[in-house]
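Note that this is a predicted model, so its numbers are computed, not measured.
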Amino acid sequence: MAGTSHGHTPAAWTGVTISFIGFCIAGVFMVAANQPGFWAGIGVVLLGGVVGLAMKAAGLGMPKESAAMAEARAAAVRQQIENTAETQVRPEAQTQGQTQAQTQAV
C-alpha cells in the first residue's frame, strides 16, 4: 500500500486536519457538558469531509488509474501468485538454493 501513495494528497491532508480539529472541539465540549458546543464540533468534523471531497473534485486528490495501469497491476499480481505457488510446490528447489548460497558464503 505504501507504493501507491494512498492518501498523500492536499485534499486528504486538509480534510483530515479539519476533521481532527472538529473532533478536538467536540471532545472539549463533551467534557464540559455543553451540548451546543459538542454538536458544533461534530459539524466541523462533517465539514472536513465535505472540504476533502470538494478538493478532490477540484483535482487535488489522487488521479484515477488508467486502464493500462490497472491491467499491468493485475498482471504483476498474477505473476507474483504464480511464483509463490511454484515455490510452494517445489520446496526442495528452494532448499537446494539455500544450501548452495550457504556453501558459497563459507
Side-chain angles (χ1 to χ4, degrees):
M1 190 58 90
T4 62
S5 297
H6 178 74
H8 297 276
T9 63
W13 281 102
T14 304
V16 168
T17 300
I18 292 171
S19 294
F20 177 72
I21 291 168
F23 176 78
C24 292
I25 292 169
V28 167
F29 281 108
M30 182 171 52
V31 171
N34 184 330
Q35 285 188 359
F38 169 78
W39 288 110
I42 296 298
V44 173
V45 170
L46 297 175
L47 177 67
V50 170
V51 168
L53 288 175
M55 289 179 70
K56 181 179 176 184
L60 295 172
M62 291 291 291
K64 294 192 181 217
E65 188 173 58
S66 67
M69 182 62 110
E71 179 57 36
R73 185 182 312 277
V77 169
R78 284 192 300 270
Q79 183 64 36
Q80 186 176 13
I81 290 171
E82 289 172 6
N83 290 344
T84 303
E86 182 178 309
T87 303
Q88 290 175 353
V89 170
R90 298 183 320 149
E92 68 280 353
Q94 183 180 15
T95 305
Q96 289 173 357
Q98 290 174 351
T99 305
Q100 289 173 355
Q102 291 171 353
T103 305
Q104 290 174 357
V106 174

Could you pull out all donor-acceptor pairs under 3.5 Å where a side-chain atom in residues 16-45 meets a protein atom, sequence neighbours excluded?
| residue | atom | partner | partner atom | Å |
| --- | --- | --- | --- | --- |
| T17 | OG1 | W13 | O | 2.7 |
| S19 | OG | G15 | O | 3.0 |
| S19 | OG | V45 | O | 3.1 |
| N34 | OD1 | G37 | N | 3.2 |

* **From K56 atom NZ to T9 atom OG1, the distance as rounded to the nearest 0.5 Å** => 8.5 Å

* Structure fact -> Tracing side-chain contacts under 4.5 Å among Ile, Leu, Val, Met, Phe, Trp and Tyr outward from I81 reaches V77

* side chain to side chain contact (heavy atoms under 4.5 Å, CB included) with Q79: which residues, sequence neighbours excluded? -> E82, N83

